[in-house]
Engineer: 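Below are the structure tokens for one structure; questions will follow.
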Amino acid sequence: MGDARPILFFDSGIGGLSVLAPARALLPQAPLVYVADSAGFPYGTRSEAEIAGRVPALLGRLAERHDPRLIVIACNTASTIALAAVRAALDVPIVGTVPAIKPAAAMSATRAIGVLGTDATVRQPYVDDLAARFAADCAVVRHGSARLVELAEAKLRGEATTSADYAAVLDGLLSRPGGDRIDVIVNACTHFPLVAAELAAAAPRPIAFVDGGPGIARRIAQLTNGQSWPQSPAPGIAVFTRLDDRARRLAPALAAHGLDQLVEL
Ligand code: DGL
């Protein structure tokens with residue numbers, strides 16, 4: 001018998017699947033609990049106070065219920081606002097998701113990078129700090145898009161989205177001052193890697209897209225190194241804070257990530 005405690009991934013919606021997928025590839029035996037705070041979605045248009053009040057309390061309840069060995073806040077908005085408070089409140093290792101500005105700056109030839117996140121994320125001092133530490137010689141052009149969060153959710157519900165939708169989002173970033181020089185875009189919201197192919201196809205010129213998912217997966221593997229796992233993990237669980245019809249339409253996308261059981265918190 002191995003250790004059956006799961007890794008718990010937390011996001012406002014399905015964005016955290018872009019972090020869960022590379023982690024699952026590295027740790028196929030890991031029992032998984034994926035939480036979408038659908039009752040609080042979207043986070044990106046909320047205030048700092050709302051996120052800071054909601055996320056630690058919710059994760060406290062979830063930790064009690066699921067006894068995770070590790071919690072991954074698979075949401076840039078929640079991490080850049082509430083990571084320190086969650087770590088202080090819970091006695092479980094917490095991995096956050098913050099904009100991948102460091103690898104983007106290392107890749108950029110033009111020394112101009114885009115940070116595409118939610119409105120709440122792109123205004124955070126946490127992002128100022130990452131830009132100052134890792135991209136001091138780059139123009140760091142930021143753009144918040146609630147629309148792109150909706151497009152990613154729609155795609156995973158199986159709804160049609162168009163190239164023009166993605167082109168309009170990119171134009172919002174590329175038309176900002178300095179945007180014409182951008183050669184790397186940080187997908188600084190976990191929803192956005194889920195539509196990375198659509199974004200790349202809609203880009204007006206070749207632009208590289210980077211996100212934190214693969215790095216976070218390696219960090220999870222490092223932190224759980226030496227721990228035991230069940231021989232055959234139980235089917236993954238997807239927990240919604242509101243399990244309505246919209247959430248149920250995500251079932252095929254969740255099943256494709258090993259999350260076969262949908263429950264309401
Ligand atoms: N997936 C979330 C992030 O990484 C936020 C999406 C939202 O709820 O606005 O920021």
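Whatever order the structure lists ligands and atoms in, that order sets their numbers, starting from 1. Keep in mind that this is a model prediction, so the values were computed, not measured.
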Engineer: Should Glu198 and Lys155 count as an ion pair when the cut-off is N to O under 4.0 Å?
Structural biologist: yes
Engineer: Answer yes if the side chains of Arg176 and His143 hold a donor-acceptor pair under 3.5 Å, and no otherwise.
Structural biologist: yes
Engineer: Using a 4.0 Å cut-off on heavy atoms, what residues surround ligand 1? Order them by chain and number.
Structural biologist: Asp11, Ser12, Phe41, Pro42, Tyr43, Gly44, Cys75, Asn76, Thr77, Thr118, Val149, Cys189, Thr190, His191
Engineer: Within a 6.0 Å radius of atom CD on Glu64, are there more than 12 heavy atoms belonging to other residues, nucleotides or ligands?
Structural biologist: no
Engineer: Hey, is Arg142 close enough to Asp119 for a salt bridge, meaning N to O under 4.0 Å?
Structural biologist: no
Engineer: Thinking salt bridges, do Arg133 and Asp129 make one under a 4.0 Å N-O criterion?
Structural biologist: yes
Engineer: Distance only, no hydrogens: is a donor on one side chain within 3.5 Å (strictly under) of an acceptor on the other, for Asp37 and Thr241?
Structural biologist: yes
